[in-house]
J.: 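First the structure, then my questions, so here it is.
In each ligand, atom 1 is the first atom listed, and ligand 1 is the first ligand listed. Keep in mind it's a predicted model, so treat the numbers as computed, not measured. Index from 1, following the sequence.
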Amino acid sequence: MKKMTINSIKKSKGVTPLVMITAYDALFARLFQEEADVLLVGDSLNMSFAGKSDTLSATLEQMIYHTNAVAMGAKETFLICDMPFGTYVNKKEALKNAIKVFQETPADAIKIEGGEDKADIVAHLCSNGIAVCGHIGLLPQAVRSEGGYKVKGRSDEGRASLIKDAKAIEKAGAFCIVIEGVKADVAAEVAKSVLIPVIGIGAGNGVDGQVLVWSDMLGFFEEFTPKFVKKYLDGASLVKSAVKKYSDEVKTREFPQEIHTY
Ligand code: KIV
């Protein structure tokens, strides 16, 4: 697949829904590259890769390490690196850390969580040569301050504030926006309110593309499955039964056979 650019991503709006998948390593990135328009090195890796209970302890070094690994596996795929919690608290910090990502990885863009409240930071990054993907709605980095993962856009006020967020992030110069955990009709309205693509996760079918966390989508993450996840593979069961077979065959000396032996 031809590598997407900021321009082709923007132009895809209203044409074909964008396919975004998270990736954390070269092995899976290589498997995803054929179908993914965009790979997101999400800070969700702190949960499914590092085993933590939320994304908040992910570090910039961790994100840089995984972004480089993904880039090695998918050299021709548009790559977004998620900025972890605490790395974009103000314009100066955000720019310093985003420059570090751009200098130490081949990431095409970074993603930051937040709406109108982060618009000045997005504008500062964009005016300094950093391509920014916004992230509005349910913000995983706010899980502790909000006391859980809360679906957004349930009230008229919530709906209006999401539209304001999207417009502010667009005006600040972002090239696309991820919208998470939002009622489908509201997410569709948000997508219609801006000219840049709005990519949904748990936001229904009326947006400009979809993103899923790869380990949810392929059924490897067993802790919990959000309602919006469709499992395209029962990865955990397949791996467990393959490992059981290997273990049984080692114990019974069925493996290795002649063909596996020098
Ligand atoms: O970290 C992540 O994987 C994300 C997705 C949920 C969009 O931000």
Side-chain angles (χ1 to χ4, degrees), residues 9 17-25 28-29 32 36-60 62-67 69-70 74 77-88 98 101 105 107-115 118 122 132-144 146 148-152 162 165-166 169 174-182 187 190-191 196-204 207-218 220-221 223-231:
I9 289 173
L18 285 163
V19 178
M20 188 192 280
I21 316 176
T22 67
Y24 311 142
D25 61 55
F28 277 92
F32 301 157
D37 294 315
V38 178
L39 287 175
L40 167 67
V41 186
D43 60 356
S44 54
L45 63 79
N46 204 45
M47 297 170 78
S48 63
F49 185 88
K52 305 283 174 56
S53 59
D54 61 33
T55 62
L56 276 74
S57 56
T59 64
L60 195 63
Q62 218 177 326
M63 299 311 298
I64 287 172
Y65 174 86
H66 285 277
T67 301
V70 169
T77 308
F78 192 95
L79 195 56
I80 301 180
C81 171
D82 221 357
M83 296 301 283
F85 180 67
T87 60
Y88 51 94
V101 169
T105 79
D108 297 289
I110 56 106
K111 174 168 84 57
I112 71 173
E113 294 185 10
K118 292 288 182 299
V122 173
V132 180
C133 169
H135 184 152
I136 63 172
L138 184 159
L139 306 179
Q141 291 176 10
V143 63
R144 295 190 200 171
E146 291 190 357
Y149 297 105
K150 307 268 162 55
V151 172
K152 297 291 158 75
L162 282 166
D165 284 340
I169 295 296
F175 69 98
C176 74
I177 300 173
V178 165
I179 189 165
E180 177 165 0
V182 168
V190 170
I196 55 175
V198 174
I199 301 166
I201 173 161
V207 288
D208 307 306
Q210 298 292 330
V211 53
L212 280 177
V213 170
W214 80 268
S215 43
D216 289 337
M217 185 191 114
L218 298 181
F220 285 102
F221 189 68
E223 322 292 275
F224 61 90
T225 307
K227 176 183 161 67
F228 60 79
V229 169
K230 177 170 178 185
K231 285 191 183 180

J.: Answer yes or no: is there a donor N or O on one side and an acceptor on the other, between the side chain of Asp208 and the main chain of Val198, under 3.5 Å?
T.: yes
J.: When you pair each N or O of ligand 1 with protein N or O atoms, which pairs come out under 3.5 Å?
T.:
residue	atom	partner	partner atom	Å
ligand 1	1 (O)	Asp43	N	3.1
ligand 1	1 (O)	Asp43	OD1	3.0
ligand 1	1 (O)	Ser44	N	3.0
ligand 1	1 (O)	Ser44	OG	3.4
ligand 1	1 (O)	Asp82	OD2	3.1
ligand 1	3 (O)	Ser44	OG	2.5
ligand 1	8 (O)	Lys111	NZ	2.9

J.: Tell me if a side-chain donor or acceptor on Asp82 pairs with a main-chain N or O of Asp43 at a distance below 3.5 Å.
T.: yes
J.: Under a 3.5 Å threshold, yes or no: a donor from one side chain and an acceptor from the other, between Ser215 and Ser48?
T.: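 Yes, a side-chain donor-acceptor pair sits under 3.5 Å.
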J.: Would you call the rings of Trp214 and Phe220 parallel, tilted or perpendicular, where under 30° means parallel and over 60° means perpendicular?
T.: tilted
J.: Counting neighbours of OH on Tyr149 that are heavy atoms of other residues, nucleotides or ligands and sit closer than 6.0 Å, is the number greater than 12?
T.: yes
J.: Yes or no on side chain to side chain contact (heavy atoms under 4.5 Å, CB included) for Lys118 and Asp165, after CA distance, side-chain angles and deciding distance?
T.: CA-CA 9 Å; Lys118 292 288 182 299; Asp165 284 340; over 6 Å; no
